[in-house]
Amino acid sequence: MSRYEPLKIEAKWQERWETEQSFVAVEKAGVPKMYIAEMFPYPSGAGLHVGHVRNFSIVDCLARFYRQNGLNVLRPFGYDTFGLPAENYAIKTGVSPQEATETNIASFRKQLKRLGYAIDWSREFSTSDPEYYRWTQWCFLQLYKKGLAYQAENYQWWCPVDQTVLANEQVEGGRCWRCGSEVEKKKMKQWFFKITEYADELLDEIDALDWPEKIKTMQKNWIGRSEGAEIDFAVDGSKEKIKVFTTRPDTLFGATFLVLAPEHPAVEGLANDDTKQKVDQYRTEAMKKSDIERQENKEKTGVFTGAHAINPATGEKMQIWVADYVLMGYGTGAIMAVPAHDGRDFEFATKFELPIRKVVEKPETLVDDEICYTGEGELVNSGNFDGEQSSEAREQIVAWLEQQEVGKKKVIYRMRDWLISRQRYWGAPIPIAYDKDGKAHAVPEDQLPVILPKIDDYTPDNSGRSALAKHPEWMEVEIDGKKMTRETDTMDGYACSSWYLWRYCDAHNNKKAWSPEKVNYWAPTDVYVGGDHAVAHLLYVRFWCKFFADQGLLDFREPVKKLLYNGYINAPDGKKMSKSKGNVIDPLDIIDQGYGADTLRTYELFIGPYDLDAAWDTKAIGGVYRFLNRCYNLTFGEGENSKGEAQVKAPLTEVARHRTIKKVTEDLHRNSFNTAVAALMEFVNELYKNPHTSEDLTVLARLLKPFAPHLASEMLEKLGADDVWPEWDEKYLVSDTVEIVVQVNGKLRARVMVAKEAADDAAQLEEAVRADEKVKAQLEVKQVIKVIALPKKRLVSFVIK
RNA sequence: GGGCGAGUGGCGGAACUGGUAUACGCGGUGGACUUAAAAUCCGCUUCCCAAAAGGAUUAUGGGUUCAAAUCCCAUCUCGCCCACCA
C-alpha cells in the first residue's frame with residue numbers, strides 16, 4: 001500500500017500546472033466571469049508568513065470553487081513594491097531597492113508556487129516596474145489635467161525619523177504609521193489629490209456596498225460629513241469678519257463669546273497693546289505642543305484677545321478668545337461658543353467666568369440634572385424664534401442669516417485632500433517639472449515614464465527633499481524646448497495601489513494603462529480579500545474608480561463588489577507574531593516538515609471563521625493532516641483502513657454524500673470555510689465506517705479540491721474523474737421515517753421515529769407522537785392544555801398542567 | 001466620552017430564518033494492533049450523581065414566547081474604531 005507523501009504529490013502537480021499554464025485567464029464572451037483578488041502584498045525580506053497564507057488561501061479556495069463551477073475566473077497576483085522598508089534597508093546595507101525587491105519577489109514567487117495557488121502568472125507585475133509606474137504617472141497627469149492634483153503650501157504632518165510628510169491616514173494617534181515616532185507639523189508646499197471632490201459620493205454609496213459593517217462605519221467616520229452653517233461675526237470697531245462653522249445654528253442667540261484656534265491667522269490683528277504679550281506667548285506655546293500633548297491635557301486653557309465681536313442675532317458684544325481646544329484643521333478654525341448647550345464651551349465659560357445663556361428648553365420629561373443641555377428642545381431667549389423646536393429652528397435661522405448675508409448653509413468634512421508627496425527616493429516620481437520661474441508643468445505623456453534613476457546614496461539630506469535632489473543631472477529636463485527642473489518628490493505608495501486592480505485585467509498593455517473593453521469585462525472585482533487598509537487604500541481605490549468612470553475609462557463607479565476582511569493569525573500565545581519576539585511561524589517550515597501545502601492551506605481555513613483573529617495551534621494542524629491522510633487512504637489504500645468498494649449501492653453513504661455536497665456548496669457560498677472543512681471530515685468519517693463506492697470518493701475529491709488541490713488532483717487522477725463541481729439531489733435528503741423531537745413544557749422528553757407521510761401532516765404527526773410509550777407516560781397524569789405540532793421543524797411541543 | 005461588535009466545554013469553535021446546545025478539530029482518556037514505541041484503527045470526553053433515571057448549563061439578572069445561545073431591557077467583561085470635530 002502506498003503512503004500519503006504530500007511533498008511528492010505537490011511537486012508533481014505544481015509542475016503540471018506550470019507547464020500547462022492551467023490558470024491563464026482569457027476573456028470569453030457570454031461566459032460569466034469571476035474576478036477574485038487579495039490585497040497584493042509588500043514583498044518584504046522576511047518572505048511569506050502564515051498570515052499571508054490565510055489571506056491567499058481564502059482567495060484560492062474561492063477561485064478554484066468558482067472555476068470548478070464553470071465560471072471564467074481571473075485570479076491574478078502582483079506586488080506592492082514601493083515603500084520605505086526597501087529604502088531603509090538600502091540605507092543600512094547598500095543593497096539597492098531595485099535589487100532587494102527583485103530578490104524578495106523571487107522568493108515570494110517560489111513560496112507561492114509551493115503553496116499551489118491557482119494564479120494567472122502571465123499577469124504578474126510589481127508597482128516599481130517602470131512599465132507599471134509609467135501608467136501611475138499617467139494617472140497622476142489625468143488628475144492634474146482635471147485640477148484634481150494640485151499643489152498647496154500648508155502645515156503638514158512630518159515624520160522626523162522617516163524624513164517625509166505623511167497623509168492624515170498615515171498618522172495614527174499622533175504617530176507615524178511606519179516607525180511609530182511622534183509626528184510634527186511642518187509648513188511645506190506639497191502635492192494633493194482632491195479626494196474631497198468625491199466626498200459626498202464616497203459617503204452616500206457606502207451603504208449599498210456588500211462590505212463588512214465595521215469597514216463601512218470606519219469609512220463613514222473618516223469622511224465625517226457634518227451639516228451646519230457658516231456664520232460671519234463682525235469684529236467690533238473693525239472691518240474684519242470672523243467666520244465660524246457650527247452644526248447648531250439654532251443656538252445662535254446663546255453664543256456668548258468666540259474662540260479661535262491658536263494658529264488662526266486673525267489672532268495677530270485682534271490683540272491690543274495690553275493683551276499682545278500674553279496672546280503671543282499662548283500661541284507660541286500651543287503651537288510648540290504636539291497633538292499628543294494637546295490631547296493629553298484636556299484641562300481648558302486660553303487667553304482673551306482684547307477684541308470683541310458682534311453677535312449677528314442679538315447685536316451684543318462678545319469677547320474673542322484664543323484656546324487650543326479649537327482646532328485649526330477643522331471647520332474654519334473658529335467657533336461661536338454656546339456654553340449653555342455645549343459641554344466644552346460650558347467648561348471653558350465656567351473656568352473663565354464668561355456669560356452663559358440658555359436658549360434651548362429641556363423637555364420636561366427629561367429629569368436630567370446636567371446644567372449644560374446638548375439635546376433638542378423648545379427655543380427661549382431667541383427673539384422671534386422663541387417657541388420653535390430647535391431642530392426646525394436650524395433651517396429658519398440659517399435662512400434669516402442668508403437674507404442678511406451674514407451666514408449660509410454649509411457642509412464640511414473631516415476628510416482632507418490626500419497628500420501624496422513623499423520626500424523619499426523609493427517611489428514613483430511625480431511627473432512634473434518646474435520652469436525657471438518655479439511654475440509647475442506636466443511632463444508630456446509621451447515622455448513617460450519618468451524613470452527613477454539608480455543612485456548610490458539614498459539618505460535624505462535633511463532639506464525636506466528626497467535623495468533625488470542630490471542628482472542635478474537627473475533633475476535637468478527639457479520640455480517643449482525649455483530647460484526645466486524635475487520634481488524630486490515621489491508619490492505615496494497608495495497611489496500605485498489605487499489602480500492595480502484594473503491593470504491586472506490588461507497587465508502588459510504598453511499603449512494604455514488599460515483597455516476599457518478588457519477592464520469592463522473583468523472588473524469590478526467580485527471578491528476582494530484582505531486584512532488591512534480599512535480606510536486609506538479602500539477609500540482611495542473608490543475615489544480613483546469614480547474619477548476614471550467620469551473620464552469614460554471605466555463603466556462602473558465602485559471597484560469592489562464584495563469585500564472579505566480576514567483576521568490575523570497570531571502566535572500560539574495569542575500575541576502578534578513578530579520577528580523581534582521570535583514567535584514567527586514560517587509556512588515553508590510547516591510544508592517541509594512533511595505536512596505539505598495542502599495541510600497548511602486546509603488548516604488555515606479550518607482554524608476558525610475567516611474574519612476572526614486566530615491563534616496558531618501547532619498541534620491542531622496534525623488533525624488536518626490526519627484528515628487528508630484518511631482521504632488519501634480511502635482512495636489509494638487496499639482495504640486495510642477502509643471498508644472498500646461496496647458491491648451494492650450503499651444508501652447510507654449516498655445520503656451522506658448528497659448532504660455533504662449541499663453543505664460544502666452552501667458553506668462556500670457564504671464564506672464559511674471552517675464548517676465546510678468540518679463537513680468534509682464528517683463525510684470521511686462516514687466513509688470509514690460504511691462500505692462506499694468510487695462515486696463517494698469522486699465527490700469527496702471534487703469537494704476537497706478548493707482546499708487541498710494537489711491531493712484532490714491526485715485522487716481524481718486515480719479515479720479517472722474530472723473536477724466538475726458536483727450537485728446534490730434533495731431526494732436523498734429525505735428518508736421514509738423521520739425523527740420527531742417531543743417537548744413537554746419546553747423540555748425535550750422524547751425522540752420518536754415517525755413515518756415521513758404522517759410526519760408531514762400536523763394532525764397525523766400529533767397522533768403518531770401520542771402513541772409513543774414514553775410520550776404517553778409524560779402526558780398520562782396531567783391535562784394537556786396546548787399542542788403545537790410543527791411538521792417542518794420535526795417537532796411537537798406539549799403544554800401540560 | 002461617543003459608536004460598533006463579541007462573550008457557548010480544558011482549548012479553537014458549530015448551531016445559517018427562535019425549535020434536538022456543545023457539530024468538526026485539538027487536548028485528555030480507555031481499548032485494538034505491536035516484544036515495545038511511533039503510526040494507524042475503534043470507543044468515551046459540558047457539568048453534577050457510583051451507574052441508570054434525573055437535574056443543571058450558552059458572561060450575569062430580568063422580560064417576551066408553547067419554545068431563547070439566538071429577540072428585548074439592564075449590568076459586567078473583552079475587542080475594535082472615533083474622539084476637545086464645534
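In what follows, every chain begins at residue 1, and chains take the letters A, B, ... in the order their sequences are listed.
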Distance to the ring centre below 6.0 angstrom and angle to the axis at most 45 degrees; does that hold for A:Lys576 and A:Tyr568? yes
Same-atom distance ([atom1]) from [N] to [M], integer angstrom:
N     : M     : atom1 : answer
B:C73 : B:G25 : C1'   : 37 Å
B:G31 : B:A23 : C1'   : 25 Å
B:U77 : B:U60 : C1'   : 10 Å
B:G13 : B:C49 : C1'   : 29 Å
B:U34 : B:C26 : P     : 25 Å
B:A56 : B:G2  : P     : 40 Å
B:A59 : B:G55 : C1'   : 22 Å
B:C71 : B:U8  : P     : 16 Å

Under 4.0 Å, heavy atoms only, any strand: does [X] hit a base, just the sugar-phosphate, or nothing?
X        : answer
A:Leu795 : base
A:Lys619 : sugar-phosphate
A:Glu739 : base
A:Gln743 : base
A:Arg626 : sugar-phosphate
A:Asp617 : sugar-phosphate
A:Asn685 : sugar-phosphate

Kindly state whether the ring of A:Tyr4 and the ring of A:Tyr625 have centres lying under 6.0 angstrom apart. yes
Could you tell me whether A:Lys619 and A:Asp617 have a side-chain N and a carboxylate O separated by less than 4.0 Å? no
I'd like to know if A:Arg657 and A:Glu686 make a salt bridge, using a cut-off of under 4.0 Å between side-chain N and carboxylate O. no
Go through B:A86, B:C24, B:C80 for me and flag the one nearest to the A:Lys214 side chain. B:C80
Nearest-nucleotide pick for A:Phe606, side chain only, options being B:A15, B:C84, B:G25: B:G25
Can you tell me if [X] touches the phosphate of [N], counting only side-chain N or O atoms and a distance under 4.0 Å to OP1 or OP2?
X        : N     : result
A:Arg749 : B:G55 : yes
A:Arg630 : B:C41 : yes
A:Lys747 : B:A56 : yes
A:Asn221 : B:C4  : no
A:Lys786 : B:C66 : yes
A:Arg414 : B:A83 : yes

Tell me, what's RNA chain B's dot-bracket, Watson-Crick or G-U with both distances under 3.5 Å, | for other-strand, [ ] crossing? (((((((..(((......[....)))((((((.......))))))(((.....)))..(((((..]....))))))))))))....
More than 12 heavy atoms from other groups under 6.0 Å of NZ on A:Lys351: yes
Could you tell me whether A:Lys409 atom NZ has more than 12 heavy atoms of other residues or ligands within 6.0 Å of it? no
Measuring only between side-chain heavy atoms, which start at C-beta, is A:Pro262 closer than 4.5 Å to A:Tyr282? yes
Pull out every residue in residues 673-681 of chain A that has a heavy atom closer than 4.0 Å to any atom of RNA chain B, ordered by number, or say none. A:Asn674, A:Thr675, A:Ala678, A:Met681
Paired with A:Phe352, the ring pair (Phe, Tyr, Trp, His ring centres under 6.0 Å) test is passed by just one of A:Phe257, A:Trp321, A:Phe304, namely A:Trp321
For A:Ala571 against A:Ala615, the heavy-atom pair lying closest together: O-CB, 3.6 Å
Atom of A:Ala261, atom of A:Leu327 and distance for their closest heavy-atom approach: CB-C, 3.9 Å
Interatomic distance where [atom1] belongs to [X] and [atom2] belongs to [N] [whole Å]:
X        : N     : atom1 : atom2 : result
A:Tyr565 : B:G5  : OH    : P     : 17 Å
A:Glu213 : B:C81 : CD    : C1'   : 14 Å
A:Asp613 : B:C11 : CG    : P     : 19 Å
A:Asn629 : B:A39 : CG    : C1'   : 9 Å
A:Ile569 : B:G12 : CD1   : C1'   : 11 Å
A:Ile335 : B:A86 : CD1   : P     : 11 Å
A:Lys216 : B:G5  : NZ    : P     : 13 Å
A:Arg394 : B:A86 : CZ    : P     : 12 Å

When you match A:Ser797 and A:Lys663 each to their closest nucleotide on RNA chain B, which lands nearer the 5' end? A:Lys663
Closest to the 5' end of RNA chain B, once A:Val624 and A:Val799 are matched to their nearest nucleotides, is A:Val624
Distance only, no hydrogens: is a donor on one side chain within 3.5 Å (strictly under) of an acceptor on the other, for A:Thr653 and A:Asn690? no
Taking the inter-plane angle between the rings of A:Trp616 and A:Tyr603 on a 0 to 90° scale, is it parallel (under 30°), tilted (30 to 60°) or perpendicular (over 60°)? perpendicular
For A:Tyr325 and A:Phe348, take the angle between the two ring planes, folded into 0 to 90°, and tell me which bin it lands in: parallel under 30, tilted 30 to 60, perpendicular over 60. tilted
Does B:G9 count as syn, meaning its glycosidic angle lies within 90° of 0, or as anti? syn
Has the side chain of A:Lys689 got a donor or acceptor that lies under 3.5 Å from a partner of the other kind on the base of B:C42? no
